[in-house]
Amino acid sequence: MTGPGSIYGGSFSNTGARDKISGNGLQEVFALSYYSWSGGAWHYDPRYAVKVNSFGSWTFNNKKNIKPWACDRKVGTTKLINCRAPWK
C-alpha cells in the first residue's frame, strides 16, 4: 500500500460480545483488525480487543480495511483464540 489513500474515521456503537457459557474459563471478545496510518506509512494491527464481555462504542481515526472478529480468550490473559468472522 502506498500513500494514505482513503483514511477513515468514525465509530461503532452498541457493539461487543457477551459470554454465553459462564464458568468455562473463557471470555468472549469483540476484536477488530485494521491498518493505521502513522509516521507516513500504513501499519497492520491484527485483532485488537475492543470489548470483552461487554457492549459499547469504539471511535477511530486514520484507519482502513477494518474487519470485525468474534474471539475467545482465557480469563486473565490477552491472547485471542478461536477467532472467527461474525459474518462472511
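In this chain, residues are counted from 1 in sequence order.
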Nearest 0.5 angstrom please: [X] [atom1] to [Y] [atom2], how far?
{"X": "Phe12", "Y": "Thr59", "atom1": "CZ", "atom2": "OG1", "answer": "10.5 Å"}
{"X": "Lys63", "Y": "Trp37", "atom1": "NZ", "atom2": "CH2", "answer": "13.0 Å"}
{"X": "Asp19", "Y": "Asn53", "atom1": "CG", "atom2": "CG", "answer": "5.0 Å"}
{"X": "Lys67", "Y": "Arg47", "atom1": "NZ", "atom2": "CZ", "answer": "7.5 Å"}
{"X": "Asn14", "Y": "Phe55", "atom1": "CG", "atom2": "CZ", "answer": "6.5 Å"}

How close do [X] and [Y] get, counting heavy atoms only, and between which atoms?
{"X": "Asp72", "Y": "Asn82", "result": "OD2-ND2, 3.1 Å"}
{"X": "Asn62", "Y": "Trp42", "result": "O-CZ3, 4.1 Å"}
{"X": "Ala31", "Y": "Leu80", "result": "CB-CD1, 3.8 Å"}

Query raised in the report: Is Arg73 reaching over with its side chain to a backbone N or O of Lys79, donor-acceptor style, under 3.5 angstrom?
Result: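 No, the answer is negative, given that no donor and acceptor are paired below the 3.5 Å cut-off.
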Query raised in the report: Thr15 side chain to Ser13 main-chain N or O, any donor-acceptor pair under 3.5 Å?
Result: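 No; judged by distance alone, with no hydrogens or angles, the pair does not exist.
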Query raised in the report: Taking atom types as modelled, is there a side-chain donor on Trp69 or Ser33 under 3.5 Å from an acceptor on the other?
Result: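 Per modelled atom types, Trp69 and Ser33 side chains form a pair under 3.5 Å.
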Query raised in the report: Which pairs, with at least one residue in residues 18-74 and sequence neighbours excluded, count as a disulfide (SG to SG under 2.5 Å)?
Result: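 Matches after skipping sequence neighbours: Cys71-Cys83.
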Report task. Among Lys20, Lys51, Arg18, Arg84, find the residue that satisfies the salt bridge (charged side-chain N to carboxylate O under 4.0 Å, His left out) test when tested with Glu28. Result ->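 So, applying the salt bridge (charged side-chain N to carboxylate O under 4.0 Å, His left out) to Glu28 and each of Lys20, Lys51, Arg18, Arg84, only Arg84 qualifies.
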Query raised in the report: Can you say whether the rings of Tyr34 and Trp58 are parallel (under 30°), tilted (30 to 60°) or perpendicular (over 60°)?
Result: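 Tyr34 and Trp58: tilted rings.
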Query raised in the report: In the hydrophobic cluster built from side-chain contacts under 4.5 Å, what are the other members alongside Ile81?
Result: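 In the cluster with Ile81 are Leu26.
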